[in-house]
Amino acid sequence: MSKDLSVRYGASLNLRVTLDDAQAVSATIYIGNEGEAYLVEKTGAFADGVADISLDTTDTELPLGTYKYQINVDYDDGKVIKFPAGDSCDGDTELPNIQILEALDLTEAS
């Protein structure tokens with residue numbers, strides 16, 4: 001759940017979160033820059049251990065560049081687990097990157 005991603009400006013992107021835990025209710029991706037308010041928040045509900053999160057074309061119409069992302073999993077008892085988990089970090093946030101790449105058919109919004 002913590003690999004770097006890339007997507008073309010204005011393209012759709014589908015992410016699948018798979019957990020072997022019947023208590024998981026939903027998974028939410030947050031995309032943004034560290035120390036700033038996030039730019040994108042999208043949620044997918046778990047069904048049979050799988051939550052699909054779909055970023056649509058407007059979600060990826062961000063200024064070209066590299067952003068950080070985090071995935072939160074919400075449980076039916078109110079517990080939230082954030083990925084990548086803090087115990088996997090070496091004193092740094094080490095959030096994975098999502099890169100918005102140039103597209104030939106669309107121009108970056110200013």
Side-chain angles (χ1 to χ4, degrees):
M1 266 195 268
S2 60
K3 66 178 185 171
D4 288 347
L5 304 170
S6 61
V7 61
R8 295 263 176 222
Y9 179 88
S12 300
L13 177 66
N14 295 312
L15 304 171
R16 177 164 278 186
V17 178
T18 305
L19 289 176
D20 188 21
D21 189 340
Q23 305 283 324
V25 175
S26 63
T28 302
I29 188 169
Y30 296 92
I31 299 172
N33 295 310
E34 293 177 285
E36 298 177 14
Y38 54 84
L39 302 169
V40 175
E41 172 188 0
K42 291 298 276 232
T43 301
F46 276 96
D48 298 322
V50 175
D52 289 315
I53 302 172
S54 297
L55 300 178
D56 59 35
T57 57
T58 57
D59 296 321
T60 63
E61 289 180 348
L62 299 171
L64 302 180
T66 302
Y67 301 88
K68 299 293 185 181
Y69 78 91
Q70 171 181 304
I71 295 178
N72 289 9
V73 175
D74 293 294
Y75 289 84
D76 59 7
D77 64 359
K79 179 173 68 172
V80 176
I81 297 191
K82 300 178 181 191
F83 295 95
D87 59 3
S88 67
C89 300
D90 295 327
D92 193 5
T93 57
E94 294 186 25
L95 290 168
N97 296 313
I98 183 167
Q99 187 174 16
I100 307 298
L101 304 170
E102 184 176 15
L104 291 176
D105 61 331
L106 292 173
T107 304
E108 172 186 5
S110 43

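None of these values were measured; they are calculated from a predicted model.
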Item checked: same_hphob_cluster(Leu19, Val50) at 4.5 Å side-chain heavy-atom cutoff -> no
Check: With a 4.5 Å limit on heavy-atom distance, are the side chains of Leu55 and Ile31 in contact?
Finding: yes
Checklist line | Side-chain donor or acceptor of Thr60 paired with backbone N/O of Ala11 under 3.5 Å | finding: yes
Note to self: Tell me the closest heavy-atom pair linking Ala51 and Gly44, and the distance in Å.
What the structure shows: CB-O, 3.7 Å
Notebook entry, point to check: How would you list, by chain and number, every residue that makes a side chain to side chain contact (heavy atoms under 4.5 Å, CB included) with Asn14, sequence neighbours excluded?
Noted result: Ser54
Next item on the list: For the pair Asn97 (side chain) and Asp4 (backbone), establish whether a donor and an acceptor sit closer than 3.5 Å, ignoring hydrogens and angles.
Entry: no
Next item on the list: For the residue pair Tyr75 and Asp21, establish whether any side-chain heavy-atom pair is separated by less than 4.5 Å.
Entry: yes
Next item on the list: State, with a plain yes or no, whether a side-chain heavy atom of Phe83 is found less than 4.5 Å away from one of Gln70.
Entry: no
Check: Roughly how far, to the nearest 0.5 Å, is the CD1 atom of Ile98 from the CG atom of Leu62?
Finding: 8.0 Å
Next item on the list: Side-chain contact test, heavy atoms from C-beta onward, threshold under 4.5 Å: evaluate it for Leu106 versus Thr57 and give yes or no.
Entry: no
Next item on the list: Enter the distance from Lys82:NZ to Asn72:CG here, rounded to the nearest 0.5 Å.
Entry: 5.5 Å
Check: By the rule that ILVMFWY residues connect when side-chain heavy atoms come within less than 4.5 angstrom, directly or transitively, which residues belong alongside Tyr38?
Finding: Tyr30
Item checked: Cluster overlap Leu101 with Leu39, hydrophobic side-chain contacts below 4.5 Å -> no
Notebook entry, point to check: What about Val25 and Ile81, same hydrophobic cluster or not, with Ile/Leu/Val/Met/Phe/Trp/Tyr joined at side-chain heavy-atom distances under 4.5 Å?
Noted result: no
Margin query: When you compare the side chain of Leu15 with that of Tyr69, does any pair of heavy atoms fall below 4.5 Å?
Written below: no
Notebook entry, point to check: Is there side-chain contact between Val73 and Phe46, with at least one heavy-atom pair below 4.5 Å?
Noted result: yes
Item checked: Heavy-atom closest contact (Glu94 atom, Pro84 atom, distance) -> O-CG, 3.8 Å
Next item on the list: Might you confirm whether atom CD of Glu36 has over 12 heavy atoms from other residues, nucleotides or ligands at distances under 6.0 Å?
Entry: yes
Notebook entry, point to check: Between Asp56 and Lys42, is there a salt bridge with N-O shorter than 4.0 Å?
Noted result: yes
Notebook entry, point to check: So, the side chain of Arg8 versus the backbone of Glu102: is there a donor-acceptor pair under 3.5 Å, distance only?
Noted result: yes
Notebook entry, point to check: Of the non-hydrogen atoms in Pro96 and Lys3, which two are nearest, and what is the gap between them?
Noted result: CB-O, 3.8 Å
Item checked: Heavy-atom check, side chain of Val7 versus side chain of Ile100, under 4.5 Å -> yes
Note to self: Quiz question: by atom type and distance under 3.5 Å, do the side chains of Lys68 and Asn33 form a donor-acceptor pair?
What the structure shows: no
